[in-house]
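A, B, ... follow the sequence lines: proteins, then strands. Residue 1 opens every chain. All values below were derived from every heavy atom in this structure, side-chain atoms included, with hydrogens, water molecules and symmetry-related copies excluded.
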Number of protein chains: 2
Amino acid sequence: MTKVELFSKDLQKISGVFKALGHPARLAILQYLAETRVCISGDISNEIPLSRTTVSQHLNELKEVNLIQGEIEGVKKNYCLNAKEISRIKDMLDSFLIKIECIDNQNCQ
Amino acid sequence: MTKVELFSKDLQKISGVFKALGHPARLAILQYLAETRVCISGDISNEIPLSRTTVSQHLNELKEVNLIQGEIEGVKKNYCLNAKEISRIKDMLDSFLIKIECIDNQNCQ
DNA sequence: ATAATATGTCGTATATTTACGTCATTAATT
DNA sequence: AATTAATGACGTAAATATACGACATATTAT
């Protein structure tokens, strides 16, 4: 029933990233990871008003689009932002928005 | 069951926009509207490989976050991009991403 | 007045997301 | 070796999103 495949790989990719950013819990997680550069993993569930398993699920979705990374350290797993990829993603989203903005305004490029 | 309200209005707002952009059909609609500045409404359903009603639903979601506008002209309804709002939205998304990027890199501001 | 055209509304089936508890696993600690 | 702590994996209920057909409404054209 899902007709997502009917659209270009490009649009699928871009919308996938937007989708990952489309939940306040995931934005809160990103903000928290940015603040505590230390990237402690379990503490995220304490910070976010959701159960540990739910947070884990959100973390996976963020990882799927490469916004974050996880690194095992003994029994713990330290999550942190993927700064390089975030920058790339920001450029990607920007260029999409700029493109429709520009075509519409006809005053760029 | 939805716990979206537990997060700040700010995060709710930003994630709402990301969410609206989180489907390839809606991105395709935005691109089409950008190309055909003429903003014909029914033609969108011809361009997009989805039924008229489904497209209409996607249009409503885009309208809800002010990415597009609709203007009735007789029996037709001309949709078009809300350029001013798109620009504002781009700034909003940018500033969110830049913020987490910067905190993370500690090399800006 | 009637027909044709363009949209919107409603109901609904299916798919996906959200949210959580329970159980399994793995690594330190005692 | 047994316990504790930190995660991941799995199953599942409830909420949302996706997709569409059928019907309703409104504005032109005939």
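- Considering B/L93, B/I89, B/V65 in turn, B/L93 is the only one that fulfils the side-chain contact (heavy atoms from CB on, under 4.5 Å) rule with B/F18.
- The distance from atom CG of A/L59 to atom C1' of C/dT18 is 14 Å, rounded to the nearest whole Å.
- Residue B/L62 holds its CG atom at 9.0 Å from CD1 of B/I86, rounded to the nearest 0.5 Å.
- The interatomic distance linking B/K77 (NZ) with D/dT25 (C1') rounds to 13 Å, in whole Å.
- One finds a side-chain N or O of B/Y79 lying less than 4.0 angstrom from the OP1 or OP2 phosphate oxygen of C/dG8.
- Atoms CG (B/N78) and C1' (C/dT5) sit 14 Å apart, rounded to a whole Å.
- Between the CG atom of A/N78 and the CD atom of A/E71 there is a distance of 7.0 Å, given to the nearest 0.5 Å.
- When rounded to the nearest whole Å, the span between CG of A/N60 and P of C/dC20 equals 16 Å.
- In this structure, B/S41 does not reach the C/dA6 phosphate: none of its side-chain N or O atoms is under 4.0 Å from OP1 or OP2.
- In the set C/dT14, C/dT16, C/dT7, C/dT14 carries the atom at the smallest distance from any side-chain atom of A/M1.
- Across A/S45 and A/V55, no two heavy atoms sit closer than the pair CA-CG2, 4.0 Å.
- Atom-to-atom distance recorded for A/L81:CG and B/E101:CD is 10.0 Å, nearest 0.5 angstrom.
- The CG atom of B/L67 lies 9.5 Å from the CG atom of B/L27; values are rounded to the nearest 0.5 Å.
- For the pair B/Y32 and B/E47, the tightest heavy-atom approach, listed with the atom from each and the gap, is CD1-CG, 3.4 Å.
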Just the table, please: protein N/O against nucleotides 25-28 of chain C N/O, every pair under 3.5 Å.
none

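- Between the side chain of A/Q57 and the base of C/dA19 there is at least one donor-acceptor pair of N/O atoms closer than 3.5 Å.
- The minimum heavy-atom distance between A/S51 and A/T54, with the atom names listed, is OG-OG1, 3.0 Å.
- Partner of A/R26 under the side-chain hydrogen bond (donor to acceptor under 3.5 Å, both in side chains) criterion, out of A/Q31, A/H58, A/Q57: A/H58 alone.
- The distance from atom CZ of B/F18 to atom P of C/dT17 is 18 Å, rounded to the nearest whole Å.
- Side-chain nitrogen and oxygen atoms of A/H58 include at least one within less than 4.0 Å of the OP1 or OP2 phosphate oxygen of C/dA19.
- A/L59 approaches A/I68 most closely through the heavy-atom pair O-CD1, 3.5 Å.
- Of the two residues near DNA chain C, B/K63 and B/K19, the one whose nearest nucleotide lies more 5' is B/K63.
- For the atom pair CE (A/M92) and CG (A/L97), the distance works out to 10.5 Å, reported to the nearest 0.5 Å.
- In the region residues 22-29 of chain B, proximity to DNA chain D at under 4.0 angstrom, judged on heavy atoms, holds for B/H23, B/R26.
- Considering all non-hydrogen atoms of both residues, A/S41 and A/Y79 come closest at CB-CD1, 3.7 Å.
- In this structure, the nucleotide among D/dA13, D/dT7, C/dC20 sitting nearest to the side chain of B/K3 is C/dC20.
- A straight line from CD of A/E61 to P of D/dG8 spans 14 Å, rounded to a whole angstrom.
- A heavy atom closer than 4.0 Å to some atom of DNA chain C occurs in A/L50, A/S51, A/T53, A/T54, these being the qualifying members of residues 44-56 of chain A.
- Note: CG (A/D43) to C1' (D/dA5) measures 13 Å, nearest angstrom.
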